[in-house]
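For reference, the structure is listed below as structure tokens.
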Number of protein chains: 2
Amino acid sequence: MPLKNTGTEQLIKDTAKQLLFAEGKLHATTQEIADAAGVNRTSLHYYFRSRDLLISAIFQDAMQGLSQRLDECMLSETSFKVKTENIIAVFLRDMILFPYQETFLITEINTFGKKLIGNIQSGPVKSYLKEAADEMEKGTIEKMNPIHFLMNLFSLLSYPIIMAPLYKPLFRVSEKEFQKLIDERGKIIINLLFRK
Amino acid sequence: MPLKNTGTEQLIKDTAKQLLFAEGKLHATTQEIADAAGVNRTSLHYYFRSRDLLISAIFQDAMQGLSQRLDECMLSETSFKVKTENIIAVFLRDMILFPYQETFLITEINTFGKKLIGNIQSGPVKSYLKEAADEMEKGTIEKMNPIHFLMNLFSLLSYPIIMAPLYKPLFRVSEKEFQKLIDERGKIIINLLFRK
DNA sequence: TTTTATTTTGACATTTTTGTCTAACAAAAT
DNA sequence: ATTTTGTTAGACAAAAATGTCAAAATAAAA
């Protein structure tokens, strides 16, 4: 539809993504998004018709981007361990940039989550799970349902970042100290998962 | 204030807790809560004055309950491993009953989260962390910043349950199969954390 | 039984947020 | 230069949600 391409559409998307997924303001109103982007609220409707459609759009974008990068890792021609290290790197970077992305999906799953979930590819996941099973046979990782292995991986990566606002006061650590902890996570996780 | 004690106040709290923390309807309106409880919406204001105060109330209740049970585990006179097993049991049960409790805290941390966080005790946590450090010296668990150990524990416990709505379609497993996976988590986690 | 205090309810008011419509504006095409 | 098309802005309408008030209902007390 837009032909002049003033960059406003992308600006609105980027701003919304920043507000919702980076700053965690999951209830941001259209007004707040418009203000943050420095555009009139009507523009938002002009480009996306409704708040829900805007949100669907940014979520789809985000998910597609991440999925693609993760799939590349999972399907790459490397050892299982290197693959996993790459997944950790990709995922960790994404989580640090947009910590609230998945939280958003979960909290909003009642509203329009069902639709969004449909789009998730599970092909590469299946293949990665298969490889995990092979590694378990070989004995390089602990034997268990491979789904546990993957859930362990995602859990160890995501949860501390999501919970940062709670953990900083709970553990009485400064922003800087916590950042250091997060930086250490990658190694910690590899050690934990590949210790056998 | 209430003297006749008709049970309505508690009924409203229980219903709200169920809706928000168990069913994950984090944006439940006062009307929805009132309907679910089978009372007039005004009663909700009569007892709690405002929506925010109601929500603060149920959250404080929930947190206090869980904290107390966890503190009991952490301070009990048992070995570190048994302590940890108890924590897992307590936490897992709570997470299964009210999976969205922590998600709620995180998403709502901007609104009134800061106040709620103030109340969190970190005394028992400190003492548990100290014990973890001792175990690392002894060599029963991997050496790392004890905070990592605790974050690992909470992550492995919480995240799969929070993500259930996403994981079920992603891994193509039925409700029943997923339930089985969750039941296995306790053992998996102990094995992972105490493998040395 | 009347009185009193407490609880519950329905109607109304306010606030917040979303969505629409039309006019002004800008840039390219004719 | 003017027409056409696409974009932005302001005013308005509608919807959704919260909050208030006074009257009705209920249960205990006098």
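Naming convention: chains lettered A, B, ... in sequence-line order (proteins, then strands); numbering from 1 in each chain. What you are looking at is a predicted structure, and each value in this text was computed from that prediction instead of being measured.
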Nearest whole Å is fine: how far is [N] [atom2] from [X] [atom1]?
| X | N | atom1 | atom2 | answer |
| --- | --- | --- | --- | --- |
| His27(B) | dT17(C) | NE2 | C1' | 14 Å |
| Arg51(A) | dA14(D) | CZ | P | 22 Å |
| Glu9(B) | dT6(C) | CD | P | 15 Å |
| Phe48(B) | dT7(C) | CZ | C1' | 14 Å |
| Asp52(A) | dT17(C) | CG | C1' | 12 Å |
| Gln31(B) | dT15(C) | CD | P | 20 Å |
| Leu53(B) | dT18(D) | CG | P | 13 Å |
| Leu54(A) | dT17(C) | CG | P | 16 Å |

**Report entry** Six-ring centre of Tyr128(B), Lys83(B) cation under 6.0 angstrom, axis tolerance 45°
**Finding:**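 No, Lys83(B) does not lie over the aromatic ring of Tyr128(B).
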
Query raised in the report: Between Phe104(B) and Phe59(B), how do the two ring planes meet: parallel, tilted or perpendicular, split at 30° and 60°?
Result: tilted

Query raised in the report: On DNA chain C, nearest-nucleotide positions of Ser50(A) versus Val39(B): which is more 5'?
Result: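 Whichever sits nearer the 5' end wins; that is Val39(B).
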
**Report entry** Donor on one side chain, acceptor on other, His27(B) and Glu32(B), under 3.5 Å
**Finding:** no

Query raised in the report: When you check the side-chain N and O atoms of Asp14(B) and Gln18(B), is any donor under 3.5 Å from an acceptor?
Result: no

**Report entry** Residue closer to the 5' end of DNA chain D, Gly38(A) versus His45(B) (nearest nucleotide)
**Finding:**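 Its nearest nucleotide lies further toward 5', so the answer is Gly38(A).
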
**Report entry** Residue-phosphate contact under 4.0 Å: Tyr47(A) side-chain N/O, dT8(D) OP1/OP2
**Finding:**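 Tyr47(A) to dT8(D) OP1/OP2: side-chain N or O found under 4.0 Å.
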
Query raised in the report: Which of the following nucleotides, dT18(D), dT8(C), dT18(C), is nearest to the side chain of Tyr46(B)?
Result: dT8(C)

**Report entry** Per Asn40(B) side chain, nearest of listed nucleotides dG6(D), dG10(C), dT8(C)
**Finding:** dG10(C)

Requested in this report: Give a yes or no on whether a salt bridge exists between Arg69(A) and Asp94(A), defined as a side-chain N under 4.0 angstrom from a carboxylate O.
Outcome: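 Looking at Asp94(A) together with Arg69(A), the answer is yes, because their closest N to O distance falls below 4.0 Å.
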
Query raised in the report: With a 3.5 Å cut-off and just heavy-atom distances, do the side chain of Thr30(B) and the base of dG19(D) make a donor-acceptor pair?
Result: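 Answer no: no donor N or O sits under 3.5 Å from an acceptor.
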
Query raised in the report: Is the base of dG19(D) touched by the side chain of Arg41(B) through a donor-acceptor pair closer than 3.5 angstrom?
Result: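 Per atom types, the contact qualifies.
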
Query raised in the report: Base, sugar-phosphate, or nothing: which does Thr42(A) touch, judged by heavy atoms less than 4.0 Å apart?
Result: base

